[in-house]
Protein chains: 2
Amino acid sequence: MVAKKRVTLADVARLAGLSSTAASMILTGRPDTRLSAEAHARVHAAAASLGYRPNVAARALRTDKSRSIAFISDYVATTRFASGLIRGALAAADAAGHVMLVLETGGEPAREVQAVQAALDRQVDGIIFAAMRAREVFVPDLAIPAPVVMLNGTSARFPTSVLPDEYAGGRLAVELLVEAGAAQSSVLLGHNAEEERGLFRSESIARRLAGIRDAMAEHGLEFEAELSCWNWEPGHGYELVRKLLETRRPRSILCLNDRLAFGAYQAIGEAGLAIPAGIGLVSFDNDELASYLRPGLTTIGLPHEQMGREAVRLLLETSRPESETLVPMPLLRRGSLPAG
Amino acid sequence: MVAKKRVTLADVARLAGLSSTAASMILTGRPDTRLSAEAHARVHAAAASLGYRPNVAARALRTDKSRSIAFISDYVATTRFASGLIRGALAAADAAGHVMLVLETGGEPAREVQAVQAALDRQVDGIIFAAMRAREVFVPDLAIPAPVVMLNGTSARFPTSVLPDEYAGGRLAVELLVEAGAAQSSVLLGHNAEEERGLFRSESIARRLAGIRDAMAEHGLEFEAELSCWNWEPGHGYELVRKLLETRRPRSILCLNDRLAFGAYQAIGEAGLAIPAGIGLVSFDNDELASYLRPGLTTIGLPHEQMGREAVRLLLETSRPESETLVPMPLLRRGSLPAG
DNA sequence: TGCATCTGCTAAAACCATTTAGCAGGGATG
DNA sequence: CATCCCTGCTAAATGGTTTTAGCAGATGCA
């Protein structure tokens with residue numbers, strides 16, 4: 001057996017009895033070439049019969065396009081949501097005939113520089129910078145001769161960004177409470193006004209809270225209490241709500257994420273209260289948890305998959321909006337809120 | 001401003017006053033070249049001062065190596081574990097100076113073919129086929145002139161694979177029950193002997209159960225009951241355990257995954273029993289859930305991150321074992337089992 | 001002196017596709 | 001009849017690197 005070489009454009013051209021110039025123009029589908037219909041047919045037939053696949057490296061060398069994009073993130077999977085961003089981006093890239101390089105930097109500047117260079121070295125057609133914590137994202141101070149889209153974060157250098165519409169999401173949470181008739185006696189779990197003056201760890205959360213506060217104000221409402229903690233883990237939600245229930249019995253809790261809500265469920269169960277009859281909950285993120293709880297947790301989801309898709313769409317477009325694209329947050333109605 | 005062109009090897013050579021042949025040999029670190037120490041110094045200095053970066057496409061064209069690998073999976077993130085595989089692989093690839101293309105096929109043969117071709121077109125140095133459900137994995141019937149490693153799955157065509165050591169994990173679960181003094185009266189949650197005769201959805205689970213059954217037999221033990229369901233979701237665990245507790249009070253439950261265990265927690269809580277005093281649990285997967293529960297769930301984890309890392313290591317090695325590499329499953333001791 | 005060997009380096013080919021410039025032949029136009 | 005344009009195609013340059021083959025001069029040895 002002779003080792004089979006890769007089939008090249010020249011092979012196709014030879015079989016079709018034409019020059020490789022002709023074969024190239026036909027296969028790349030150039031518009032205003034003057035090659036005959038018969039030439040077209042012969043080249044396509046030859047390519048098909050040989051199973052010709054263009055050499056991407058050769059093409060990239062000549063054209064500086066590689067039909068691939070880079071997805072550079074600080075942490076891919078440290079947060080359980082990240083995979084949604086990747087999955088959406090992957091699907092959109094695939095649909096557009098592109099391939100996606102995934103790079104992780106751990107948030108370290110040195111690795112960020114390396115990642116960008118690795119991507120640039122491979123002539124990517126564009127770069128997505130994805131952040132797990134949406135705030136001003138560090139982008140290495142390198143010349144980047146390719147389109148850039150910020151995903152779930154922002155950057156002064158690159159104004160095109162894709163973010164969840166947290167403000168609208170915040171408002172929606174309050175509307176749900178009102179609709180359920182549980183807003184007059186409600187507790188906010190996660191943050192309090194005191195701390196909002198300081199630095200937010202995340203721009204997203206600032207907007208979420210702005211939406212919540214604006215909607216409350218419009219309804220002339222105030223939270224009965226605001227419980228704050230730094231890490232929004234179930235344990236913290238549990239402790240805060242357990243203490244709360246020693247002295248008060250609010251009609252509802254607005255949880256700033258599902259893990260806090262999970263902790264709240266545990267404390268509420270131990271206090272012998274029923275959800276939603278005794279106390280109603282609404283939350284954010286649509287963590288996998290939310291559907292496991294009994295009753296299911298009504299939550300306003302992070303639209304990560306759609307955001308990833310949107311980012312790729314913008315990246316591949318010829319002109320990009322120099323602004324934020326806000327993706328609506330979906331409402332997952334489950335059983336943790338009393339029916340209006 | 002004149003548009004800056006990319007700096008090429010020729011530029012470096014010119015600045016160093018040498019031929020590009022010399023520059024190439026020096027920068028690629030060829031062993032037995034006879035270029036002078038001074039030439040080495042000059043070339044390195046020139047490259048550094050110009051900020052030279054080799055053009056990967058040009059290099060790939062010439063050498064057929066691209067310093068990139070492909071990670072092709074059926075589903076990236078549909079299961080919450082997948083990201084661990086990716087993260088581990090990414091870290092190992094990065095450490096080896098490689099970049100990783102991620103491709104998703106949804107398990108559809110047509111997309112699998114496309115994914116493999118897309119990878120091959122880009123001259124990847126190797127391919128990892130990752131499966132979320134570990135059984136015989138479909139691999140497109142294409143000539144693949146690159147190393148292949150199967151990750152969390154197996155294939156007749158490609159014998160190098162990386163799998164969790166489920167058999168040992170299964171045995172360990174039983175040992176834990178025995179050590180806790182809770183094995184004499186135990187219930188298996190997830191499968192029963194009846195169904196094991198049929199087709200397993202997953203080879204992993206078959207091995208896990210084999211480990212469990214062997215260890216039980218060695219201790220001369222049998223399960224008091226075996227509860228079976230097709231989907232291992234919290235809801236099913238809840239229902240099965242709720243019914244169980246109407247008639248029996250076992251000392252422990254061996255859950256085949258953490259979501260079932262989560263359902264079991266809910267049912268146990270409702271029945272007014274305490275964990276671990278009244279009933280002990282041990283489980284598998286180390287789902288994020290496991291640490292949120294109160295008390296924490298003792299579970300035998302899927303070592304996905306390490307598996308991903310291992311797969312890349314094998315892929316990049318010059319010779320690969322034609323066999324399975326089993327990665328040990330870590331024990332996460334938390335509070336759901338009584339102390340010995 | 002003659003010949004082989006070593007040292008330090010370079011010219012040019014090769015990898016494969018895209019693209020620019022242009023050629024031969026035929027028909028239309030003035 | 002000379003000129004121009006149109007049709008259908010091709011030769012050759014280009015992109016940036018690696019690699020093969022080989023050159024000129026110096027040194028070693030007889």
Side-chain angles (χ1 to χ4, degrees), chain A residues 3-44 46-47 50-68 117 120-123 125 145, chain B residues 3-44 46-47 50-68 117 120-123 125 145:
Chain A
K4 264 183 202 159
K5 298 284 297 174
R6 209 176 200 293
V7 11
T8 86
L9 184 64
D11 299 330
V12 173
R14 200 170 311 123
L15 180 59
L18 289 167
S19 68
S20 27
T21 308
S24 171
M25 297 206 280
I26 288 170
L27 290 177
T28 52
R30 271 230 195 162
D32 45 355
T33 174
R34 292 182 307 245
L35 294 161
S36 65
E38 207 219 314
H40 279 256
R42 284 217 310 274
V43 167
H44 280 122
L50 294 177
Y52 170 70
R53 305 232 88 215
N55 181 320
V56 175
R59 182 178 282 178
L61 184 57
R62 191 71 238 269
T63 61
D64 252 46
K65 304 239 155 296
S66 58
R67 297 197 77 74
S68 60
Q117 291 198 326
L120 258 26
D121 287 351
R122 283 161 182 87
Q123 267 114 315
D125 298 343
Chain B
K4 265 183 201 159
K5 299 284 297 173
R6 210 177 200 294
V7 11
T8 86
L9 184 63
D11 299 331
V12 173
R14 199 171 309 122
L15 180 60
L18 290 166
S19 67
S20 28
T21 306
S24 171
M25 298 206 280
I26 288 170
L27 289 176
T28 52
R30 270 233 195 158
D32 45 356
T33 173
R34 293 181 308 247
L35 294 161
S36 66
E38 209 220 313
H40 278 256
R42 285 219 309 277
V43 167
H44 280 122
L50 293 176
Y52 169 70
R53 306 230 88 216
N55 180 320
V56 175
R59 183 177 282 180
L61 183 57
R62 189 70 236 267
T63 61
D64 249 49
K65 304 238 155 297
S66 59
R67 296 197 79 71
S68 59
Q117 291 197 326
L120 258 26
D121 286 350
R122 282 160 182 88
Q123 267 113 317
D125 298 343

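Here the structure is a predicted model, which means the values were calculated and not measured. Each chain gets a letter, A, B and so on, in the order the sequences are listed, and its residues count up from 1.
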Quick one, give me the B/S/- string for nucleotides 5-14 of chain C, reading 5' to 3', where B means a protein heavy atom under 4.0 Å from the base and S means that only happens at the primed atoms, P, OP1 or OP2. --BBBBBBBB

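Annotation: salt bridge (charged side-chain N to carboxylate O under 4.0 Å, His left out) contacts involving residues 19-31 of chain B, sequence neighbours excluded, are absent.
Within 4.0 Å of B:Ser24, counting heavy atoms only, lies at least one base atom of the nucleic acid.
Between the CG atom of B:Asn55 and the OG1 atom of B:Thr8 there is a distance of 9.5 Å, given to the nearest 0.5 Å.
Atom pair A:Gln123:CD and D:dG15:P shows a separation of 13 Å (rounding to whole Å applied). As rounded to whole Å, 11 Å separates atom P of D:dG8 from atom CD of A:Glu38. Distance NZ (A:Lys65) to P (C:dT18): 14 Å, rounded to an integer number of Å. Distance CG (A:Asp64) to C1' (D:dG16): 11 Å, rounded to an integer number of Å. Taking atom CG of residue A:Leu9 and atom P of nucleotide D:dA11, one finds them 14 Å apart after rounding to whole Å. Rounding to whole angstrom units, CG of residue A:Asn55 and P of C:dT18 are separated by 10 Å. Atom CD1 in B:Ile26 sits roughly 15 Å away from atom C1' in D:dT19 (whole-Å rounding). The interatomic distance linking B:Arg67 (CZ) with D:dT18 (P) rounds to 12 Å, in whole Å.
Between B:Gln117 and A:Arg53, some side-chain heavy-atom pair lies under the 4.5 Å cut-off.
Under the rule for a side chain to side chain contact (heavy atoms under 4.5 Å, CB included), A:Ala41 has no partner lying at least two apart in sequence or in another chain. Residues meeting the side chain to side chain contact (heavy atoms under 4.5 Å, CB included) test with B:Arg62, sequence neighbours left out: none. In terms of the side chain to side chain contact (heavy atoms under 4.5 Å, CB included) criterion, residue partners of A:Leu9 (sequence neighbours excluded) are, by chain and number, A:Ser20, A:Ala23, A:Ser24, A:Leu27, A:Tyr52. In terms of the side-chain hydrogen bond (donor to acceptor under 3.5 Å, both in side chains) criterion, residue partners of B:Asp11 (sequence neighbours excluded) are, by chain and number, B:Arg14. In this structure, the salt bridge (charged side-chain N to carboxylate O under 4.0 Å, His left out) partners of A:Arg42, at least two apart in sequence or on a different chain, are A:Glu38. Shown here are the side chain to side chain contact (heavy atoms under 4.5 Å, CB included) partners of B:Val56, two or more places apart in sequence or in another chain: A:Asp121, A:Arg122.
For D:dT17, the OP1/OP2 oxygens have a side-chain nitrogen or oxygen of B:Tyr52 closer than 4.0 Å. Contact check, A:Arg30 against C:dT19: a side-chain N or O comes under 4.0 Å of OP1 or OP2.
Candidate nucleotides C:dA17, D:dG16, D:dT18 were compared by shortest atom distance to the side chain of B:Arg59, and D:dT18 ranks first.
Overall, the helix from C:dT1-D:dA30 to C:dG30-D:dC1 carries an axis bend of 60° between its ends, with five pairs at each end and the value rounded to 10°.
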